[in-house]
Amino acid sequence: MTDKNTIPDSNAIIDERRQKLQKLRESGWSHPNQFRRTHLAAELHAIHDGQDNAGLEPASINVAIAGRMMLKRAMGKASFATLQDMSGRIQIYVTKDAVGEDMLETFNQYDLGDILGAEGTLFRTRTGELTVRVNHVYLLTKSLRPLPEKFHGLTDQELKYRQRYLDLITNEMTRKVFTVRSKVVQGIRNFLTERGFMEVETPMMHPIPGGATARPFITHHNALDMQLFLRIAPELYLKRLVVGGIEKVFEINRNFRNEGLSTRHNPEFTMLEFYEAYADYNDLMNLTESMLRKIAVETTGSARLVYQGREVDLESPFDKLTICDAMSRYHPAYTAEKLNDRVFVGAELDKLGIGFQKDDGLGKLQLMLFEETTEQLLFKPTFIINYPAEVSPLARRNDRNPEITDRFELYIVGRELANGFSELNDAEDQAARFSEQALQKNAGDKEAMHYDADYIRALEFGLPPTAGEGIGIDRLIMLLTDSPSIRDVILFPQMRPE
RNA sequence: GGGGCGGUAGCUCAGCGGUAGAGCACUCGGCUUUUAACCGAUUGGUCGUGGGUUCGAUCCCCACCCGCCCUACCA
């Protein structure tokens, strides 16, 4: 920390409020914590919805509410103010007649942003707004800093990310996004546990990073004097659990990848991974489709969404295409015949300036061409299937064609959302594929996988036939909240230090 | 890594060679059904940082820092 960060900055407004706080302290006020509320704002609106003032005011319904004062309208001998709690907003009305001159004067000293508690009775104003006629109002927390402009709120993207608390105070849309996020995660938990899956937590610190091809963050454990890696995926641990007999298992947690930042990448991101024994990748595609459909309806009210102005239909059956079929559909010039001609595919990659190795298989070249030309066009939900074995070191080979695997990726709005496959449970095949990855790592490929001997040992005890999948939660939230950047759906996205 | 745009009052923004502006917020005064309350009067700035050009720079030039977007890399 530099001096700049430890010396409290000040301006006329902050100085003024510090003086108010000082006077409060001198009067014996000391951040009281005995106020208890009876209702949230939204509860009061819900309970008394449709009730007019003739039915409301004579009933003298006592309520106690608390929240941050967001607006204030003082009129000499009476004041209106708007309090905001986690559920929404409600208006209070403080009058000299009801609270006396002293309390009104005290109330008028309170600032926007202060946390207040208020007791009183309900009525409706002549414009019909449900309001608490206050007979006691308490200052619970003094706010020393002025809030952002009351109408526009906080719009500066940098400040929204760095000071998310301010963004949450002032922008209802931001609160909505994270409310939806919470509901989505809860909905996924319910969906899976209802189907007999068990939620677990596996290590975040791995002696050997595995389960994906990505560069890891490296850290060090002092007492053990050993290098550790923040996990890039939980996959190998979850499959160890399936070996252990937890036949339906899932984890929702953070992965860390030491790679670039973008609107679709944050170095730490949330992944759902789940594994089901005695199931294959077709079962997972079915499960994924019904889960996404259900979650969309639960959290947005519909399986027909709009993302950045375009309709996304999660209601109709998703497309299911092989890598080559997808290219042929979106680029009719790429006929099946041409795509199976290694010379043609290689020439296309050359034309696009994409480098490849002489010993890369046709399947890998097709995948590279697909990623360059077609991936971003898959706006409509589409399962892409038949991934080549050479880029799928943890997936089961296809029974009819050992060059490809029983694997899929799900694309929606041109982005990868999920990746799943029938698991490779042949311990000897897995050992051979690890060896191959280890060779590539020694040859300088920073992303090739390590040889994980304990994982092989686990497989040697026997992994039942299993299928597993990962779903990027942040990207799912982006889709469901119509957010253009992953930073909009992560409360505290990675930023450079101030 | 490359490109584009941006950084001016606490916040939202205007100004773009001649000593810094508005709205909101703050302070003071008025107002007992307002609601982005209103009316009146104030207060508030190292114009991202450092160089340069100029009689004079917030404005032009260079470098740097920070951010957003695109692109590249990357599951």
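These numbers come from a predicted model, not from an experiment. By convention in this document, chain letters (A, B, ...) are assigned in the order of the sequence lines, proteins followed by strands, and residues within each chain are numbered from 1.
- Residue Glu201(A) qualifies as open at atom CD: its count of foreign heavy atoms under 6.0 Å is 12 or below.
- Because its NZ or CZ atom is both nearer than 6.0 Å to the ring centre of Phe107(A) and within 45° of the ring axis, Lys72(A) counts as a cation-pi partner of that residue.
- For Arg73(A) against U34(B), a side-chain-to-base donor-acceptor contact under 3.5 Å is present.
- Side-chain N/O atoms of Thr125(A) and base N/O atoms of U34(B) include a donor-acceptor pair closer than 3.5 Å.
- Residue Arg496(A) has its side chain nearest to G67(B) when only C26(B), G67(B), C31(B) are considered.
- Contacts of Asp156(A) with the nucleic acid, taken as non-hydrogen atoms under 4.0 Å apart, involve only primed sugar atoms and P, OP1 or OP2.
- When heavy atoms are screened at a 4.0 angstrom cut-off, Tyr93(A) is found touching base atoms of the nucleic acid.
- For Thr263(A), whose side chain is taken as the heavy atoms from C-beta onward, the closest listed nucleotide among C70(B), U12(B), A37(B) is C70(B).
- A heavy-atom distance below 4.0 Å to RNA chain B is reached by none of the residues of residues 378-386 of chain A.
- The base of U34(B) sits with one of its N or O atoms less than 3.5 Å from a complementary donor or acceptor on the side chain of Gln91(A).
- Ion pairing between a basic and an acidic side chain is recognised when a charged N comes within 4.0 Å of a carboxylate O; Arg264(A) and Glu416(A) show no such pairing.
- When distances run from any side-chain atom of Glu149(A) to the nucleotides U33(B), U27(B), C11(B), the shortest one goes to C11(B).
- Atom pair Arg264(A):CZ and U71(B):C1' shows a separation of 10 Å (rounding to whole Å applied).
- Figure legend. C5(B) is base-paired to G67(B); pairs are counted as Watson-Crick or G-U wobble with both atom distances under 3.5 Å.
- Of the candidate nucleotides G67(B), U12(B), U32(B), G67(B) has the atom nearest to the side chain of Arg162(A).
- Summarising the geometry, the separation between CD on Glu105(A) and P on U32(B) is reported as 14 Å, rounded to the nearest angstrom.
- In this structure, the CD atom of Gln157(A) is 10 Å from the C1' atom of C69(B), given to the nearest Å.
- Under the rule for a ring pair (Phe, Tyr, Trp, His ring centres under 6.0 Å), Phe256(A) has no partner lying at least two apart in sequence or in another chain.
- By the ring pair (Phe, Tyr, Trp, His ring centres under 6.0 Å) test, Phe269(A) pairs with no residue at all, sequence neighbours left out.
- Residues Lys351(A) and Glu348(A) are paired through a salt bridge, judged by an N-O separation under 4.0 Å between the basic side chain and the carboxylate.
- Residue-level contact check: Asp111(A) touches the backbone only, with heavy atoms under 4.0 Å from sugar-phosphate atoms and none from bases.
- The pair Lys20(A)-Asp114(A) does not meet the salt-bridge criterion, since no charged nitrogen lies less than 4.0 angstrom from a carboxylate oxygen.
- Among the heavy atoms of the strands lying under 4.0 Å from Thr213(A) are primed sugar atoms or P, OP1, OP2 only; no base atom is included.
- Contact annotation for Arg215(A): no contact, since no heavy-atom pair falls under 4.0 Å across all strands.
- Residue Lys20(A) contributes atom NZ, which lies 13 Å from atom P of A25(B) at whole-angstrom precision.
- Contact annotation for Ser485(A): backbone-only contact, meaning every heavy-atom pair under 4.0 Å involves sugar-phosphate atoms and none involves a base.
- Lys320(A) has its side chain out of reach of Phe408(A): every pair of non-hydrogen atoms, C-beta onward, lies at least 4.5 Å apart.
- With a 3.5 Å ceiling on both atom-pair distances, A72(B) lacks any Watson-Crick or G-U wobble partner.
- Nucleotides G6(B) and G17(B) are separated by 15 Å at their P atoms, to the nearest Å.
- Taking atom CZ of residue Arg145(A) and atom P of nucleotide C24(B), one finds them 23 Å apart after rounding to whole Å.
- Residue-level contact check: Gly470(A) touches neither bases nor backbone, having no heavy atom under 4.0 Å from any strand.
- Protein atom CD of Gln376(A) is 10 Å distant from nucleotide atom P of U71(B), rounded to whole Å.
- At a threshold of 4.0 angstrom between heavy atoms, the contacts of Leu166(A) with the nucleic acid are absent.
- At the heavy-atom level, Glu158(A) lies under 4.0 Å from the strands shown only through sugar-phosphate atoms.
- Thr155(A) has a side-chain polar atom (N or O) that falls below the 4.0 Å cut-off from OP1 or OP2 of U12(B).
- Among the protein residues, Arg475(A) comes within range of no part of the nucleic acid, since none of its heavy atoms lies under 4.0 Å from any strand.
- Rounded to an integer number of Å, the gap from OH of Tyr110(A) to C1' of U27(B) is 19 Å.
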Salt bridge (charged side-chain N to carboxylate O under 4.0 Å, His left out) between Arg164(A) and Asp167(A), intermediate numbers included: CA-CA 5 Å; Arg164(A) 185 66 91 181; Asp167(A) 187 26; 2.8 Å; yes
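- Side-chain N/O atoms of Lys150(A) include one lying less than 4.0 angstrom from OP1 or OP2 on A37(B).
- Nucleic acid contact class of Ala74(A) (heavy atoms, under 4.0 Å, all strands): base.
- Here G45(B) presents its P atom at 11 Å from CD1 of Ile13(A), a figure rounded to the nearest Å.
- Two residues are said to be in side-chain contact when any heavy atoms from C-beta on lie closer than 4.5 Å; Val413(A) and Gln308(A) fail this criterion.
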